[in-house]
Amino acid sequence: MTDRYAVIGHPIAHSQSPRIHSLFAQATGQAMAYTAIEAPLDGFADTVRSFMAEGGRGVNVTLPFKLQAFQIATDPMESARLAGAANALRFEGDRIRAENFDGVGLVRDIQHNLAMPLAGRRVLICGAGGATRGALLPLAQCRPAVLAVANRTADTAHQLRRDFAARIDLQTGGYDSLPGETFDVVINATSTGLSQTPLPLPAGLFASGALAYEMVYGKGLTPFLRQAQAAGVTRLADGVGMLVEQAAEAFDWWRGVRPATAPVIQQLTVSLA
Ligand code: NAP
């Protein structure tokens, strides 16, 4: 029988995960089926259990269910525990193992695909939601000189500093704490990439040669990327590489085979011009 996997979210029609995983399966010769399932907003756990009962082997989890995916896990891995959220589940009998590969995917995209080593760099993440929580430890493990989080609600950023205090020396604040600071890598992990809302970023924020990274993907130049471009930044990236890299981590975790990501990123890339 073909092994079955799925991505669960609400809504889910926009998800690129079925396309990415079928490209991986083709390229690696894995016999597997991967579908998209829209769970009712109040029915995530039931949807997962039905899929398990039908013989499903694992799922990816996207908005708005990443916190619930962590909560139903019997065996959350460290990445999921630290983020308080999971984006990949693996079923072993009645056990549900949970991982959060978003942060590893982001770091691999920045360091490997975009050739920007993070060691010794000044790194700023805008936003303090689930994506930032997942990214903090993998970013910190690259030993940046500074790791800072700015958020519209400054208290949420300060809460992150407290939650991660044992592992990471985080600099946190609102956007009003940024004037006078300069960063080599600025990551937009807010949901503003999906709207036309710019962030209140001060002049002089981007260092010479900086990378501006927008986690949202497939939207072309978002307000954040336009701001960076207007500030003279030429290294602009969106989150398509992060998406494909986290998918490759999940694929490897499920199947024990690491797919090549570059050809898939190339197929999914939308021009930032
Ligand atoms: P989330 O938990 O809902 O957090 C949203 C963040 O955006 C919060 O920090 C929020 O600030 C901030 N925000 C919302 N509207 C804002 C505005 N008008 N001005 C300033 N800040 C605003 O979302 P998430 O799960 O962290 O995801 C963040 C983004 O990353 C999403 O767009 C998601 O699609 C993307 N993402 C991409 C990938 C990928 O593979 N490429 C993976 C994960 C996530 P407050 O705390 O002040 O409300």
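Atoms within a ligand are numbered from 1 in the order they appear, just like the ligands themselves. Heads up: numbering here begins at 1 and tracks the sequence.
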Going by a strict under-4.0 Å cutoff (protein heavy atoms only), does [atom] have a neighbour on the protein?
atom	value
atom 3 (O) of ligand 1	no
atom 44 (C) of ligand 1	yes
atom 32 (O) of ligand 1	yes

Just jot down the ligand 1 atoms closer than 4.0 angstrom to any heavy atom of [X], in number order.
X	result
G129	2 (O), 4 (O), 9 (O), 26 (O)
Y217	41 (N)
A189	28 (C)
A131	24 (P), 25 (O), 26 (O), 27 (O), 44 (C)
L243	40 (O)
V216	32 (O)
K66	43 (C)
S191	5 (C), 7 (O), 14 (C), 15 (N), 32 (O)

(request) Specify the protein heavy atom at minimum distance from atom 38 (C) of ligand 1: its residue, its atom name, and the distance to 0.1 Å. (result)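 Of the protein heavy atoms, M242 CE, 3.9 Å lies nearest.
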(message) For atom 35 (C) of ligand 1, what is the closest protein heavy atom, and at what distance to 0.1 Å?
(response)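 Sorting protein heavy atoms by distance from atom 35 (C) of ligand 1 puts M215 CB, 4.0 Å first.
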(request) Considering non-hydrogen atoms only, spot the tightest contact between G120 and A145 and give its length. (result)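 In terms of heavy atoms, the two residues are closest at O-CB, 3.4 Å.
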Region of [X] that comes within reach of ligand 1 [heavy atoms, distance under 4.0 Å]:
X	result
T190	both
T192	side chain
T197	side chain
L194	side chain

[Y]/[X] salt bridge by N-O under 4.0 Å criterion:
X	Y	answer
E249	R258	yes
E214	R235	no
R97	D75	yes
R161	D169	no

(message) I'd like to know whether V48 forms a side chain to side chain contact (heavy atoms under 4.5 Å, CB included) with M52, so could you lay out the CA-CA distance, the side-chain angles of the two residues, the decisive distance to 0.1 Å, and finally the verdict.
(response) CA-CA 6 Å; V48 170; M52 287 172 79; 4.1 Å; yes
(message) With side chain to side chain contact (heavy atoms under 4.5 Å, CB included) as the criterion, how do Q267 and V264 come out once you've worked through the C-alpha distance, each side chain's angles and the decisive distance to 0.1 Å?
(response) CA-CA 5 Å; Q267 285 201 44; V264 179; 5.6 Å; no
(message) Just to check, does R133 reach to within less than 4.0 Å of ligand 1 when the distance is taken from its heavy atoms?
(response)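 Contact absent.
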Test your reading of the structure: does [X] have an N or O sitting under 3.5 Å from an N or O of ligand 1?
X	answer
G239	yes
R152	yes
G130	yes
T153	yes
G127	no
L199	no
N151	yes
Q246	no

(message) Is it the case that atom CD in E54 sees more than 12 heavy atoms from other parts of the structure closer than 6.0 Å?
(response) yes
(request) Determine whether F206 and Y213 fall in the same hydrophobic cluster, where Ile, Leu, Val, Met, Phe, Trp and Tyr are linked whenever their side-chain heavy atoms lie under 4.5 Å apart. (result) no
Checking the side chain of [X] only, and the main-chain atoms of [Y] only, is there a donor and an acceptor separated by less than 3.5 Å?
X	Y	value
S15	I12	no
T132	G127	yes
N100	A85	yes

(message) Over 60° means perpendicular and under 30° means parallel, so tell me whether H21 and F251 are parallel, tilted or perpendicular.
(response)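 Aromatic pair H21/F251 classed parallel.
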(message) Show, in sequence, the C-alpha distance, side-chain angles and deciding distance for L124 and I187, and conclude whether the side chain to side chain contact (heavy atoms under 4.5 Å, CB included) test is met.
(response) CA-CA 6 Å; L124 170 68; I187 300 164; over 6 Å; no
(message) Taking the six-membered ring for Trp, are Y5 and Y34 closer than 6.0 Å centroid to centroid?
(response) no
